[in-house]
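Everything below concerns the one structure shown next.
Each chain gets a letter, A, B and so on, in the order the sequences are listed, and its residues count up from 1.
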Amino acid sequence: MATAAHRAARTHTDGRAGEAALETAYKMAFDAAVAADERIEPRDWMPDAYHATLVRQIAQHAHSEIIGMQPEANWITRAPSLRRKAILMAKVQDEAGHGLYLYSAAETLGTSREELLDKLHSGRQKYSSIFNYPTLTWADVGAIGWLVDGAAITNQVPLCRCSYGPYARAMVRICKEESFHQRQGYELLLALSRGTPEQHDMAQDAVNRWWWPSLMMFGPPDDESRHSAQSMAWKIKRHSNDELRQRFVDICVPQAESLGLTLPDPELRWNEERGHHDFGPIDWDEFQQVLKGNGPCNEQRINQRRRAHEEGAWVREAAAAYAAKHSEEAGAERV
Amino acid sequence: MTNTDWPLWEVFVRSRRGLSHTHAGSLHAPDAEFALRNARDLYTRRGEGVSIWVVPSAAITASSPDEKDPFFEPAADKPYRHPTFYEIPEGVQHL
Ligand SMILES: [Fe+2]
Ligand SMILES: [Fe+2]
């Protein structure tokens, strides 16, 4: 990516050789900054592949926050109490905010908001597969908060130290807000688990359905993860998929115990030697299927997103017309 | 007219009285008034601020990103602007 400084400097060097030397100098400065754990900022020179990786990752992350509003919003009107309803609305609103922080971070890389939304709506950019599963009961809201937000936190905390400044700053803000998401989910599940036998079963059923998809949120195993090694070299990523997945499993086991619920994995057990829990194989075929668009809700989620965008067009147009009219009036007064 | 025709704004938030406004992030809005409202909803949902500034991003003029830019050179060779430059005999107080 040629920055303004790059272009300006280029005019002062003569010919191809000068340009190549300059490119090398920029590359060295970039590598040194990453090695020294400094942050790369929007107007710095960066390798094209680093730029492309960041756009892809931040966009996918932003889309996930926005699409992620849907499964939970599904239960707002049916929340069992005013307290739960207010909490759920605040959570879903936070997810909208997370999406906006991340879209802003992506825009610092020179992609427009419209382009990002276009690519989401046309399927050219992805969002996290987890949101293609349905929320069948109220307990799913709890399971999402505990497990899905929990997995997201495990993934996101190291991203607060990501080498790209705007992404890291967005993640700091997001992580601060996520802990409420996870705790409200845990509390909700606890209330159900300690409630009537039917409520307890509902909580267990939700955990049974969300556990494995949550483990898939960390992405494919390390030996099959295409971008992992390069992302770690660039310090976009700090830990491997499997490492984070293991961390999450180890955190969840005692939490499930305190909930009085079980995790749906007969092979789950403490491994004294490793100092970690062993767990059963993940169904990566299912993951690939959902990724390809064949999950239970892929179509519903993207259609709902497109519809919301189209039906909101008049609001955007009205606000723009209002702004244009008032800036004209202000201009006329000044004359 | 579409969403992207809304200009980008930079948001600065004063977290409490006595502190200066700090850059919080950016957002799109059709005008300043909307930018303020959006900023309130986006950056102060938990009482993070007592005052907000919004500035059109296009109105900001920035220095070059290169840290070795000659722009900052005048400051680099003037250590005498720092108090540690001066040697004071031991025992002299309040200096
Ligand atoms: Fe979020
Ligand atoms: Fe969340």
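Within 6.0 Å of OH on B/Y43 lie more than 12 heavy atoms contributed by other residues, nucleotides or ligands. A 6.0 Å sphere centred on CZ of B/R46 holds more than 12 heavy atoms belonging to other residues, nucleotides or ligands.
B/D31 and A/H326 are not linked by any side-chain donor-acceptor pair at a separation below 3.5 angstrom, with hydrogens and angles left out of the test.
In this structure, chain B has a heavy atom under 4.5 Å from the side chain of A/Y322, while its backbone stays farther away. A/R173 touches chain B through its side chain: at least one heavy atom from C-beta onward sits under 4.5 Å away, while N, CA, C and O do not. Interface remark: B/A24 contributes backbone and side-chain atoms alike to the contact with chain A (heavy atom separation under 4.5 Å). Heavy atoms closer than 4.5 Å to chain A are found nowhere in B/A29, neither backbone nor side chain.
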- Task: Evaluate the ring-ring contact (aromatic ring centres under 6.0 Å, His included) criterion for residues A/Y50 and A/F30: first the C-alpha distance (whole Å), next the side-chain angles of each, then the deciding distance (0.1 Å), finally the verdict.
- Result: CA-CA 11 Å; A/Y50 177 82; A/F30 172 86; 4.9 Å; yes
